[in-house]
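Worksheet for the structure shown next.
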Amino acid sequence: MNILVAGGAGYIGSHTCVSLIQAGHTVIVADNLINSSAKTVERVKKITGREVEFCRIDVTDEASVDRVFSGQPIDGVIHFAGFKAVGESVEKPLKYYYNNIVSTMVLARACVKHGVGRFVFSSSATVYGENEVPFVESMKLRPATNPYAQTKVMSEQILSDLAKANPGLSVSLLRYFNPIGAHESGLIGDAPAGIPNNLMPYITQVAKGKLDVLRVFGSDYRTVDGTGVRDYIHVCDLAEGHVFALEKLKPGVHIYNLGTGRGVSVLELIGAFEEANGIKVPYEITARRPGDIDECYADASKAFRELGWSAKRSLTDMCRDAWRFEKNYEG
Ligand SMILES: NC(=O)c1ccc[n+]([C@@H]2O[C@H](COP(=O)([O-])OP(=O)(O)OC[C@H]3O[C@@H](n4cnc5c(N)ncnc54)[C@H](O)[C@@H]3O)[C@@H](O)[C@H]2O)c1
């Protein structure tokens, strides 16, 4: 299939491009590079040994998107192109609502106009909010009140309504848990600009000496050791989940959790990183971060049952691959 990967130069998008190409598909990357670099697309070509068409466009711009859809046959769209920093979304709500919602509507409209039948959307476990773990797709959503979480709920709703009204458009809503790690080549990985918002890039930057000390937000959560518990998934497993979702997509709207089903605390992740790489990561416990919940992990059985997908890589693989990328990374 010819797949348009919106946000394909980003962290999850670039790994998904590799998986798609290795599964025999052709990818067209659409990205405005607002949070990524064209070098990543070059690295995807290097890993796969295949050409990748790159369109530097903003996918909220309808005319640019229309030109890409008119330029070649497209069989499916995967939509990664969004902003993702929860804290920033509270400070700049309009930036988040505009980019994350308009991009969904513009891409979806282009699919309907050009008769594209498959749409895969990057949603997030944040839509579950304060629910009982493990999170199951059928749960009533209780999303956190931040604009980022709201954009995911709204995009899910828009795409679900659209698919109901257009039986020719099949939609897969993928709720990611916490992707970490990097491609085993060490060429692509998570390279956030500025101080990382997520735990693993923070750990790797402290290990590299770029940051002094890791701050652990809160040690009084109702968890195994008081620190927050999350479901960390290797980004390559997550990327492969997209290939399964796309290839096995049936008519209608389908929601899948992409996680491992296993919760790991902050201290457990630090310990696993130290053990996998033989490096000490100095940390200090500080106050809780507003909005963080005790535990978040998936019931990942539906994706296995219906798609035949499950996460394969271990926590050690995630820690080793994240460190290999950080060590090599020069921007
Ligand atoms: N990383 C996570 O922990 C996580 C968890 C759950 C969901 N998600 C979602 O997955 C998606 C991808 O996340 P990521 O970690 O790869 O982020 P990322 O920032 O690395 O990738 C997003 C890409 O989209 C591009 N982009 C943003 N707005 C654009 C626009 N209007 N037009 C064109 N390109 C645009 C950016 O330049 C970037 O390359 C996001 O929608 C995010 O909300 C991520």
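Counting starts at 1 for both ligands and their atoms, in listed order.
Stacking of Lys95 on the aromatic ring of Phe83 is recorded, both the 6.0 Å distance cut-off and the 45° axial limit being met. Seen from the ring of Tyr297, Arg230 does not count as a face-on cation partner, given the 6.0 Å and 45° thresholds.
A donor and an acceptor atom, one from each side chain of Thr223 and Asp294, are nowhere located under 3.5 Å apart. Under 3.5 Å, the side chains of Glu88 and Tyr96 contain a donor-acceptor pair of N or O atoms.
Annotation: atom 36 (C) of ligand 1 to nearest protein heavy atom, Asp31 OD1, 3.5 Å. Among all non-hydrogen protein atoms, the one lying nearest atom 40 (C) of ligand 1 is Phe80 O, 3.3 Å. Closest to atom 28 (N) of ligand 1, if we only count protein heavy atoms, is Asn99 ND2, 3.0 Å. The nearest heavy-atom contact from the protein to atom 26 (N) of ligand 1 is Asn32 OD1, 3.5 Å. For atom 15 (O) of ligand 1, the nearest non-hydrogen atom of the protein is Lys84 NZ, 2.7 Å. From the protein, the heavy atom lying nearest to atom 41 (O) of ligand 1 is Lys152 NZ, 2.9 Å. Atom 42 (C) of ligand 1 has its closest protein heavy atom at Tyr148 OH, 3.7 Å.
Remark: ligand 1 and Ser123 share no N or O pair separated by less than 3.5 Å (distance only, no angle test). At least one N or O atom of Ile12 sits closer than 3.5 Å to an N or O atom of ligand 1. Taking only nitrogen or oxygen atoms, main chain and side chain alike, Thr60 does not reach within less than 3.5 Å of ligand 1. Checked against a 3.5 angstrom limit, the closest N/O atoms of Ser36 and ligand 1 fall inside it. An N or O contact shorter than 3.5 Å is missing between His79 and ligand 1 by distance. Considering backbone and side-chain atoms alike, Ala30 places every N or O at 3.5 Å or more from each N or O of ligand 1.
Contacts between Thr126 and ligand 1 below 4.0 angstrom, taking non-hydrogen atoms only, are absent altogether. With a 4.0 Å cut-off on non-hydrogen atoms, Ser103 does not touch ligand 1 at all. Here Asp190 has no heavy atoms under 4.0 Å from ligand 1, in either its backbone or its side chain.
Between Phe135 and Phe177, the two ring planes are tilted [angle within 30° to 60°]. The aromatic rings of Tyr256 and His254 lie parallel to each other, their planes meeting at an angle below 30°, with 60° marking the opposite boundary.
When the heavy-atom distances from atom 3 (O) of ligand 1 to Ala193, Ala9, Pro179 are ranked, the shortest goes to Pro179.
Ionic pairing of Glu284 and Arg215 is not present here: no N-O contact between side-chain nitrogen and carboxylate oxygen is shorter than 4.0 angstrom.
A continuous path of Ile, Leu, Val, Met, Phe, Trp and Tyr side chains, each step under 4.5 Å between heavy atoms, connects Ile270 with Val264, placing both in one hydrophobic cluster.
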